[in-house]
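Here the structure is a predicted model, which is why all the values come from computation and not from measurement. In what follows, chains carry the letters A, B, and so on, assigned in the order in which the sequence lines appear, proteins first and then strands, with residues in each chain numbered from 1.
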Amino acid sequence: MDGILEVAGLTKRYGKRAAVDDVDLAVPEACAYGFLGPNGAGKTTLIRCLLGLTRPTAGTIRLLGLDQPGGRRQALARTGAIVEEPRFHGHLSGRENLTTIAAARDRDAVRRIDDVLRRVGLADRATERVKRYSLGMRQRLGVARALLGDPQLLILDEPTNGLDPAGIHEFREMIRGFVENEGRTVFLSSHLLDEVERICDRVAIVDRGRVVTEGSIAELTAQGGSRLVIGVNDAEEARRLLDGHAAVKAASIDSGRLHLTVEPGQEAAAAINRLLVEAGLDVHQLAPAQATLEQRFLEITSRLGEDEPE
Amino acid sequence: MIHAEVLKLIRRRGLMIASAVVMLGSLLLVIGIVAGLHAHDPRGNDAVGGEQGYTAVVFLLLVFGSFASGMIGATAGAGDHTAGVFRDLVATGVSRTKLLAVRFPGALIVTAVLLAAGMALAVAVGQLNGPSTGSIASELPGDVEMAALLIGTQVVLACALATLFSSRGWIIGGLIAFQWILEPLLIHATHVSLREWLIGGAIDQFGRDDLRRYGGELRFGEGRALLTIAVWMAVAIALAAWRITRRDA
């Protein structure tokens with residue numbers, strides 16, 4: 001493997017439970033890499049292992065080409081991170097909080113404080129105590145803190161939590177700017193699939209501590225077969241009729257339309273159309289559809305089929 | 001990083017006010033009361049100043065100073081953990097032992113400022129009219145040394161224990177309970193052979209008679225006393241270092 005962040009056989013157990021279970025990852029340079037999973041899948045635990053906040057039970061980690069934990073000082077000097085909800089000393093101002101972290105880094109980090117505050121839009125609130133900050137402001141201060149070391153690698157755990165839509169949009173633009181304009185690498189964990197789909201180049205999907213699939217967004221959404229969207233006068237009846245059909249892999253109803261995952265090829269669409277029409281149903285739409293990351297995610301993770309959208 | 005530790009402490013307005021009130025305000029209160037009593041009945045109550053007044057203020061500074069230094073030390077030890085920022089400090093790559101190490105000088109610097117103010121107040125009181133049985137000038141260096149030793153060890157103990165248990169309140173309460181209830185009981189129990197290993201008794205050996213908390217009840221050599229203090233400091237710091245390097249951040 002060759003990448004800015006490499007993990008091999010990484011495992012973290014708490015008693016008998018494996019929060020991270022034999023994970024292999026290779027994150028290439030200048031890439032926005034999404035790490036997706038439902039709550040409790042092991043995303044935060046993996047990030048904590050990467051940053052040396054907890055010791056892995058087994059496996060190896062390389063950050064910026066340096067084996068961990070031996071090279072942690074050098075690697076983390078060029079790494080910025082947000083882990084879970086950013087926490088601060090509430091009695092200190094935003095600037096003072098950054099000063100305490102910059103002191104642990106280097107002199108250049110102290111000189112960057114004004115710049116990072118400006119970058120996240122907190123320059124005019126920097127002297128206020130953090131306990132007066134809103135959740136969104138704290139999140140932005142967390143991003144500022146992560147940027148203090150002029151990082152080559154940013155590790156962000158649920159970074160858009162608490163941001164309003166405008167804030168999320170700004171954040172998305174900022175991340176893309178880091179990657180495309182500045183050549184940084186961003187490793188981002190999230191359960192917000194839409195945001196990951198918009199921000200990231202590559203994605204790994206994790207469930208119950210294991211990486212179940214990995215690839216570019218296009219590769220992941222192309223996996224799993226062809227998709228059809230069928231508009232019909234009785235979607236429930238249509239689904240009942242197609243239950244067990246040889247060409248149909250999966251079926252769900254969304255906004256009154258039937259969404260099918262089918263065998264590739266035109267024969268499946270024709271066969272399905274014929275079946276429904278001969279059963280007396282009115283088919284007013286039959287079109288191919290690109291799977292979204294959300295659909296692929298739900299298929300892959302253990303929650304497939306448990307919930308139907310309204 | 002030490003500057004950052006000092007910043008974290010001095011920005012805690014409540015802590016700074018409480019420490020100043022405990023360490024200095026209490027002295028002013030007592031001085032005021034004594035001065036008032038003397039003004040009311042000069043024959044029945046000594047004047048507040050002189051060497052006797054100076055010694056009394058220094059003694060009270062040691063008593064109240066141990067409370068304040070415990071508060072400051074415990075805050076320095078547990079502050080990052082209770083605020084939840086310890087993980088962000090670890091994520092910078094700086095070693096955990098360094099994160100522990102800078103807590104001590106930070107807390108000592110803040111406490112030293114209060115201690116210096118207290119000693120200045122004691123010297124000022126000594127310049128006022130009052131009874132004298134000795135010379136402030138000759139007693140001052142030894143008293144400063146005694147005060148620095150007592151307050152300093154209190155800060156280090158509180159900081160180390162707060163790091164060990166990630167708790168401020170419990171450590172402050174525990175230290176008070178130990179030093180004002182348990183330790184005096186043990187020291188007064190003359191049949192207890194281990195009392196020479198109690199830190200309060202060891203620090204007492206460095207003070208002149210008027211400043212000893214336990215009077216003449218427990219006396220042994222300064223070498224043995226230094227060893228006792230060193231063992232307490234070493235064990236506390238070692239436990240704190242063990243905990244901070246092993247815990248999940």
Contact list (residues 95-103 of chain A to chain B, heavy-atom gap under 4.5 Å, by number) returns A:Glu96, A:Thr100, A:Ile101, A:Ala103

Ordered numerically, the heavy-atom neighbours of chain B under 4.5 Å found in residues 104-119 of chain A are A:Ala104, A:Arg105

Could you tell me whether a side-chain N or O of [X] sits under 3.5 Å from a main-chain N or O of [Y], the two making a donor and an acceptor?
{"X": "A:Gln68", "Y": "A:Ile61", "value": "no"}
{"X": "A:Arg78", "Y": "A:Asp150", "value": "yes"}
{"X": "A:Lys43", "Y": "A:Gly37", "value": "yes"}
{"X": "B:Asp204", "Y": "B:Tyr214", "value": "yes"}

Top of [options] for chain A proximity - count of heavy-atom pairs under 4.5 angstrom:
{"options": "B:Met1, B:Arg87, B:Arg96", "value": "B:Arg87"}
{"options": "B:Gly79, B:Ala4, B:Ala91", "value": "B:Ala91"}
{"options": "B:Arg246, B:Arg13, B:Arg247, B:His3", "value": "B:Arg13"}

Inset, instruction - Carefully, step by step, assess B:Ile237 and B:Phe104 under the rule side chain to side chain contact (heavy atoms under 4.5 Å, CB included). - result: CA-CA 10 Å; B:Ile237 294 170; B:Phe104 298 111; 4.0 Å; yes

Side chain, backbone, both or neither: which part of [X] has a non-hydrogen atom closer than 4.5 Å to chain B?
{"X": "A:Arg145", "result": "side chain"}
{"X": "A:Glu85", "result": "backbone"}
{"X": "A:Pro151", "result": "neither"}

Residue from A:Pro69, A:Gly52, A:Ala81 scoring the most non-hydrogen pairs under 4.5 Å with chain B is A:Gly52

Residue from A:Leu92, A:Leu50, A:Thr79, A:Ile155 scoring the most non-hydrogen pairs under 4.5 Å with chain B is A:Leu92

message = Looking only at the side chains, is there a donor atom on one of B:Arg103 and B:Thr163 sitting less than 3.5 Å from an acceptor on the other?
response = yes

* Taking atom types as modelled, find out whether A:Arg129 and A:Ser93 have a side-chain donor-acceptor pair closer than 3.5 angstrom. => no

Is [X] salt-bridged to [Y], cutoff N-O under 4.0 Å?
{"X": "A:Arg208", "Y": "A:Asp21", "answer": "no"}
{"X": "A:Asp67", "Y": "A:Arg62", "answer": "yes"}
{"X": "A:Arg176", "Y": "A:Asp201", "answer": "yes"}

Next on the checklist: Tell me whether the NZ or CZ atom of A:Lys131 lies within the 45° cone about the ring axis of A:Tyr133 and under 6.0 Å from its centre.
Outcome noted: no

Rounded to the nearest 0.5 angstrom, the OG-CG distance for B:Ser66 and B:Leu157 is 11.5 Å

- [ ] Kindly state whether the ring of B:Trp232 and the ring of B:Phe178 have centres lying under 6.0 angstrom apart.
- [x] yes

